[in-house]
Amino acid sequence: MPTSSTFSPGDVVISAVSLLVFALLDLLDFILCYFYRFLDVILEGNPVPCYCQRRGREERSDGEGREEVSETLHGRRNLFREMGFPFWKAASDGEEERGELRFPRWSDCSCISCLSWQERGQDKLHLAVMEPSSQGKMDVLALLNANLYKTGRKKECDTDSTESIVFLHGFLSSSSLWVETVFHNLSEVTKQSFRMVAVDLLGFGRSPKPTNCTYTVREHLDMIEASVVRPLELNSYHVVAHSMGCIIALAMAAKHPESVKSLTLVAPPCFDSTEEEASHTALNKLAERRVWPPLLFGSAVMSWYEHIGRTVCFIFCRNHSTWEWMMKLVTRRRALSFLFMDLSKHTHHSAWHTMHNVLCGGAKLVDKHLDAVRKAKMPVTVIHGDKDQLVPLECSYNLKSKLPHADLKVMNGRDHSSVILGREKMFTGELEQIWSSSTNCTHIPHS
């Protein structure tokens, strides 16, 4: 942050406008808290209380799960809440229970596409898998459950020479990111040698979006193990992750150092902070309360305001079919970009908790996971754009300082998205070099 002596007139104006705008947003979120509470009582009977009503209750949570639950869920400041304005009666212990699995809230979309995971009766993540073949041809399979090899494909690729690559996407994204950018640009040699597995993380894309889940790093990792690692019998694999997925990838590598052969992190949100302040540091860095740049402003609104965020999801996600129809009409295209489609493939509950419990709460675990990766001498490559406004380049420099053997590649003129998009073929080539160089190498974990 600049010191007072380095503030330009533009900074002063932006700060003043930001102060006014976020004061108004504090008021709006305060009012919406009452509005949603009223509707929830009518439409849901015994609704799940919002975090405004559960302030202070995190101190009473017990130990094991608390480490990954972010303090930012309860500790977000609000001008009117701090002034002592009255709120609804505090939630009782009975109300504290999360919603029932498979039942979306009234403000969530209930279309066939959004509820397909419930109708299938499966609690596994959605995967996009590309299997290798001896002829150099590859099929992309949209797999909706973990019963992967009921089709008899296992025999075709069940050889010692076949390795798997696991792809984890970032926030408000899906496996489509990797299918559209990497899968279509692989070389023939790679197609014959590797199995590609792109994951829709819990709460996103076509994967389950349960309401009785707080979407911690542990819960995301458990679902990946139940849907990918164990069903596919992955004993040796590479991991590629973007943005938020990097935090989950580090947890995965730290837990399975003997299995992860290489780790590629694209724009990893790793901030320099003490464990006690890590969650709030991540929130203030990723979603600083400023009106400029617009991308940061949007991130701040959706991260600081539980009820405003729910309203945005109600307008956009719940009515995504209408928005998609309008976009097709305006653009005169039958198929919309996966980037637009992915923006609505979540619920407010899944996005809100993942933002706070992975991006913020997961920040408390990053140093521990980096230490495990360092001791394992695992090959790590970090790729970051120097124009990234969402996850600043300092994050990768911080990671490099704690993981000296990591290979840091700074992409000039690239931001959070264009570090991949717009250079898909080059990016895929970089990944292939990483996998090739790591295939014949081994790393030995040290205690």
Side-chain angles (χ1 to χ4, degrees), residues 128-130 132 136 138 140 161-170 173-199 236-250 252-253 260-270 338-339 370 373 377-388 390-400 403-443:
V129 179
M130 186 178 268
M138 215 181 264
V140 178
S161 61
T162 300
E163 292 189 350
S164 296
I165 317 292
V166 178
F167 295 87
L168 306 180
H169 61 78
S173 186
S174 77
S175 57
S176 298
L177 170 68
W178 306 113
V179 173
E180 297 295 331
T181 60
V182 175
F183 285 24
H184 296 322
N185 289 290
L186 295 167
S187 68
E188 291 302 318
V189 173
T190 300
K191 290 178 181 180
Q192 295 180 44
S193 305
F194 296 93
R195 175 205 291 142
M196 306 291 160
V197 184
V199 181
S236 178
Y237 51 94
H238 307 260
V239 180
V240 180
H242 177 238
S243 190
M244 178 197 76
C246 296
I247 297 178
I248 301 172
L250 280 171
M252 193 174 180
V260 178
K261 300 196 68 173
S262 75
L263 188 61
T264 304
L265 307 176
V266 185
C270 300
F338 71 92
L339 296 173
L370 286 174
V373 170
K377 296 184 178 180
M378 187 183 301
V380 177
T381 302
V382 181
I383 303 174
H384 211 132
D386 65 349
K387 300 297 183 183
D388 196 328
L390 283 179
V391 179
L393 182 57
E394 68 179 76
C395 289
S396 287
Y397 286 128
N398 175 56
L399 187 150
K400 173 70 173 177
L403 212 60
H405 76 275
D407 181 18
L408 173 58
K409 298 180 179 181
V410 178
M411 301 290 108
N412 295 326
R414 297 290 175 173
D415 59 25
H416 197 67
S417 298
S418 63
V419 71
I420 298 175
L421 302 175
R423 57 184 294 269
E424 293 89 346
K425 196 166 188 66
M426 184 179 298
F427 176 74
T428 303
E430 293 168 357
L431 293 180
E432 290 178 327
Q433 290 181 1
I434 294 169
W435 303 331
S436 178
S437 62
S438 302
T439 295
N440 297 321
C441 298
T442 58
H443 55 275

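Predicted, not measured: the structure shown is a model, and the values here were computed from it. Every heavy atom of this structure was used, including side-chain atoms; hydrogens, water molecules and symmetry mates were not.
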Ile420 CD1 to Asp415 CG distance, which is reported to the nearest 0.5 Å: 10.5 Å
Any donor-acceptor N or O pair under 3.5 Å, side chains Ser243, His416: yes
Measuring from atom CG of Leu265 to atom SG of Cys395, what distance do you get when rounded to the nearest 0.5 angstrom? 12.0 Å
Can you see which heavy atom on Met252 is nearest to which on Val166, and at what distance? CE-CG1, 4.5 Å
So, taking the atom named SG in Cys270 and the one named CD1 in Ile247, what distance separates them when rounded to the nearest 0.5 Å? 6.5 Å
Under the 3.5 angstrom rule, does the side chain of His238 hit a backbone N or O of Phe167 as a donor-acceptor pair? no
Got a sec, which residues hit ring-ring contact (aromatic ring centres under 6.0 Å, His included) with His384, two or more places apart in sequence or on another chain? none
About how many Å separate CG of Leu431 and CG of Leu186, when rounded to the nearest 0.5 Å? 8.5 Å
So, for Ala128 and Phe183, which heavy atoms are closest and what is the spacing to 0.1 Å? O-CE2, 3.9 Å
Where does the angle between the aromatic ring planes of Phe427 and Trp178 fall among parallel (under 30°), tilted (30 to 60°) and perpendicular (over 60°)? parallel
One should read off an interatomic distance between Glu180 CD and Asn185 CG, to the nearest 0.5 angstrom, of 10.0 Å
Check: Glu424 main-chain N/O paired with Thr428 side-chain donor or acceptor under 3.5 Å: yes
Ignoring hydrogens and angles, tell me if any N or O in the side chain of Ser436 forms a donor-acceptor pair with the backbone of Glu432 under 3.5 Å. no
Verify whether one side chain among Ser174 and His169 offers a donor that lies under 3.5 Å from an acceptor in the other. no
Tyr397, OH: over 12 other non-hydrogen atoms inside 6.0 angstrom: no
Residue among Lys261, Arg195, Met196, Met130 satisfying side chain to side chain contact (heavy atoms under 4.5 Å, CB included) with Ile165: Met196
Under 3.5 Å, is there a donor-acceptor pair between the side chain of Ser437 and the main chain of Ile434? yes
Got a second to check how far Leu250's CG is from Leu399's CG, nearest 0.5 Å? 6.5 Å
Testing Asp388, Asn398, Val410 one by one against Leu393 for a side chain to side chain contact (heavy atoms under 4.5 Å, CB included), which residue passes? Val410
Taking all non-hydrogen atoms of both residues into account, name the closest pair between Arg414 and Ser418 and its distance. CD-O, 3.0 Å
For Ala249 and Leu263, the nearest pair of non-hydrogen atoms, with its separation, is CB-CD1, 3.9 Å
Answer yes or no: does atom NZ of Lys387 have more than 12 heavy-atom neighbours from other residues, nucleotides or ligands under 6.0 Å? no
